[in-house]
Amino acid sequence: VKTGKRSQYELILRCIMIVTSVVPPDLPMQTAMAVNTALIALVRSSVYCTEPFRVPTAGKIDCCLFDKTGTITSDRLVAEGVMSEPLGKDATLKQPVDSCRNAAIVVGGCHALLEIEGKTFGDPLEKAALLGIKWKYDPSSHTASPKIGDDIKRTWANAENTSVKILVRNHFASALQRMSVVADVKVDGTGKRWSLVKGSPEMIKTLLKTVPAGYESSYRGLAEKGMRVIALAHRELSSDESSRVGSQAAPLTREEAESDLVFAGFFAFACKVRADSAEIIHALKASSNNVMMATGDATLTALHVGNEVGISQGGLDGAMILSINSSGSLEWQSARVNDDGKPSNVIPYEGTSIPELSKKFSLCVTGKSLNAAATAPGDLWEHLGDVAIYARMSPDDKERVLKRLKTQGHHTLMCGDGANDVGALKQAHVGVALLSGFGSANTKKQEGAGAAMSTKTETFAEKMARVREQ
């Protein structure tokens with residue numbers, strides 16, 4: 001250019017010719033054929049790709065996040081039982097149908113189920129709960145009532161004179177960790193207006209007028225067994241509050257309806273781990289992938305499943321949970337607690353090396369503590385890949401974690417359901433959405449005479465053997 005022998009246009013054209021001569025002319029065609037071959041192989045394995053441009057990226061994955069319910073475990077929840085007062089370590093879990101009247105009323109009335117062409121649709125947890133307590137729901141009249149039959153034995157009388165008519169629904173919100181309804185409750189022929197609330201035990205505890213003794217230990221005992229635990233509460237509305245329900249001038253607010261509640265019990269659900277989940281996670285780890293769990297369930301429940309499939313190790317003694325203490329500061333607390341309910345080991349958050357700590361313990365973080373760590377002194381957000389369990393995560397929290405991992409240079413995979421996790425699935429380099437509705441398919445058969453048969457499906461090893469043959 002300086003000597004004037006070549007113009008700027010000619011020089012640019014010459015550079016383009018050199019670059020194009022280096023790249024084989026059939027490379028784009030070969031790449032397209034490779035992607036199409038991969039798509040055909042995926043279809044044969046019942047995997048349908050909606051964005052083919054992500055296929056080449058899949059080979060660079062180094063960080064995998066899995067949802068729990070419906071992904072690592074089946075999407076079929078089984079109602080295990082209800083635990084009411086008196087609470088404590090020795091408290092027993094009663095069969096759902098044997099629950100006390102108030103617990104049954106909360107479960108029967110506090111839900112968002114609907115019926116279309118004779119079929120009931122809604123949250124699988126709510127369907128399992130209603131089935132467990134043996135209640136029925138009439139969507140046309142918004143009324144739930146106990147099923148009556150000679151083979152149904154309850155611990156309370158006059159079931160035929162008990163009903164719950166839903167008036168107002170405050171739907172479940174991830175940020176609030178609860179849902180509630182205002183309903184007309186008929187007991188022994190007498191009608192009263194109640195507020196019925198259910199949600200996470202941590203959140204319901206803050207809404208109770210009086211927290212019963214043994215609340216925390218009972219909840220922990222159920223969660224440590226891998227159960228999903230829902231707390232139930234209720235309150236009879238005053239005459240003034242009842243008159244404001246549905247009012248346009250001064251309606252009863254959600255905050256008012258969900259305050260000063262009376263504890264009704266814990267409802268525990270079990271969810272079987274898929275038969276090949278541990279094998280798949282082991283294969284991913286063996287290929288140098290970092291595997292984590294991101295779920296909305298409780299930390300102890302997620303930790304139990306994580307230990308079962310190999311995402312975390314060491315049980316309660318080998319796990320540290322990032323928590324906010326009474327003074328409002330962050331600290332790492334052992335998942336194992338002493339008899340007095342205090343963690344057996346506490347490590348300060350500030351000044352602790354996350355990579356070094358992750359070599360000794362399986363690190364667990366909740367959505368609340370994760371957001372608090374964003375403004376606290378410490379470097380957790382710089383080492384998100386060292387965390388094993390992300391619990392009590394909202395869809396937005398999962399999306400932020402994946403976005404941060406991408407900015408740190410990781411190639412991410414998110415595996416979850418296509419409804420709640422849609423934001424995280426789109427944010428990841430590769431998003432795998434699992435179809436729901438397969439119940440206990442691909443789960444181990446439960447031992448015992450009354451165990452239900454599980455559907456026979458192709459295992460991970462059989463699928464990999466078939467892929468190699470292709």
Side-chain angles (χ1 to χ4, degrees), residues 38-39 41-49 54-55 57-76 226 270-297 301-315 362 364 385-391 393 398 401-402 405 410-418 420-421 424-425 428-446 454-470:
L39 293 176
L42 289 173
V43 169
R44 289 174 179 171
S45 300
S46 300
V47 179
Y48 301 94
C49 182
R54 296 184 185 270
V55 171
T57 313
K60 302 169 68 176
I61 295 299
D62 60 3
C63 206
C64 305
L65 273 81
F66 287 87
D67 185 29
K68 186 183 78 69
T69 305
T71 306
I72 295 176
T73 67
S74 71
D75 60 355
R76 182 183 178 184
C271 207
K272 294 182 181 179
V273 174
R274 298 194 187 275
D276 53 2
S277 291
E279 188 178 1
I280 293 171
I281 290 169
H282 176 75
L284 288 171
K285 284 191 169 184
S287 57
S288 301
N289 286 290
N290 186 18
V291 182
M292 299 170 283
M293 183 193 299
T295 176
D297 282 352
T301 303
L303 183 61
H304 176 88
V305 176
N307 277 276
E308 195 170 346
V309 299
I311 292 180
S312 55
Q313 292 84 28
S362 296
C364 306
D386 293 321
V387 177
I389 304 290
Y390 289 97
M393 297 284 284
K398 296 180 184 180
V401 168
L402 282 162
L405 288 171
H410 293 287
H411 288 81
T412 58
L413 176 143
M414 176 66 196
C415 185
D417 66 82
N420 295 329
D421 299 328
L425 292 169
H429 289 97
V430 176
V432 180
L434 300 184
L435 298 177
S436 60
F438 289 92
S440 294
N442 197 23
T443 57
K444 293 181 180 179
K445 181 181 176 181
Q446 184 179 351
S454 296
T455 306
K456 173 64 178 176
T457 57
E458 188 179 35
T459 64
F460 174 71
E462 292 170 344
K463 189 180 292 293
M464 291 304 297
R466 181 167 56 81
V467 170
R468 293 189 186 98
E469 291 175 358
Q470 296 173 358

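When every heavy atom of L425 is checked against every heavy atom of A433, the shortest pair comes out as CD1-CB, 3.8 Å. For the pair L39 and C49, the tightest heavy-atom approach, listed with the atom from each and the gap, is CD2-CB, 3.5 Å. When all heavy atoms are compared, the tightest approach of G306 to I389 is CA-CD1, 4.4 Å. For the residue pair A388 and I311, the shortest heavy atom distance occurs at O-CG2, 3.6 Å. In plain terms, the two heavy atoms of H429 and H411 that are nearest each other are ND1-CA, 3.4 Å. The minimum heavy-atom distance linking M292 with C63 is given by the pair CE-SG, 3.2 Å.
Panel note: side chain T412, backbone A428; no donor-acceptor pair is recorded below 3.5 Å.
To the nearest 0.5 Å, the span separating CE on M293 from CD1 on I281 amounts to 6.5 Å. Between the CG atom of D62 and the CG atom of L284 there is a distance of 12.0 Å, given to the nearest 0.5 Å. Of the inter-residue distances, the one linking S277 atom OG with K272 atom NZ reads 13.5 Å to the nearest 0.5 angstrom. Interatomic distance, I72 CD1 to L434 CG, rounded to the nearest 0.5 Å: 10.5 Å.
Every residue two or more places apart in sequence or in another chain that forms a side-chain hydrogen bond (donor to acceptor under 3.5 Å, both in side chains) with N307 is listed here: S312. Scanning for side-chain hydrogen bond (donor to acceptor under 3.5 Å, both in side chains) contacts around T295 gives an empty result, with sequence neighbours left out. Evaluation of the side-chain hydrogen bond (donor to acceptor under 3.5 Å, both in side chains) rule for S288 yields no partner, not counting sequence neighbours. Looking at residues two or more places apart in sequence or on another chain, you find a salt bridge (charged side-chain N to carboxylate O under 4.0 Å, His left out) between K398 and D67, D421. Legend: residues meeting side-chain hydrogen bond (donor to acceptor under 3.5 Å, both in side chains) with N289, ordered by chain and number and at least two apart, are S287.
Each salt bridge (charged side-chain N to carboxylate O under 4.0 Å, His left out) pair with one or both residues in residues 286-297, not counting sequence neighbours, appears once here: K68-D297, R228-D297.
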Stepwise side-chain contact (heavy atoms from CB on, under 4.5 Å) test for M393 and L65: CA-CA 12 Å; M393 297 284 284; L65 273 81; over 6 Å; no
For V401 and V387: C-alpha separation, side-chain torsions, deciding distance, then whether side-chain contact (heavy atoms from CB on, under 4.5 Å) applies. CA-CA 11 Å; V401 168; V387 177; over 6 Å; no
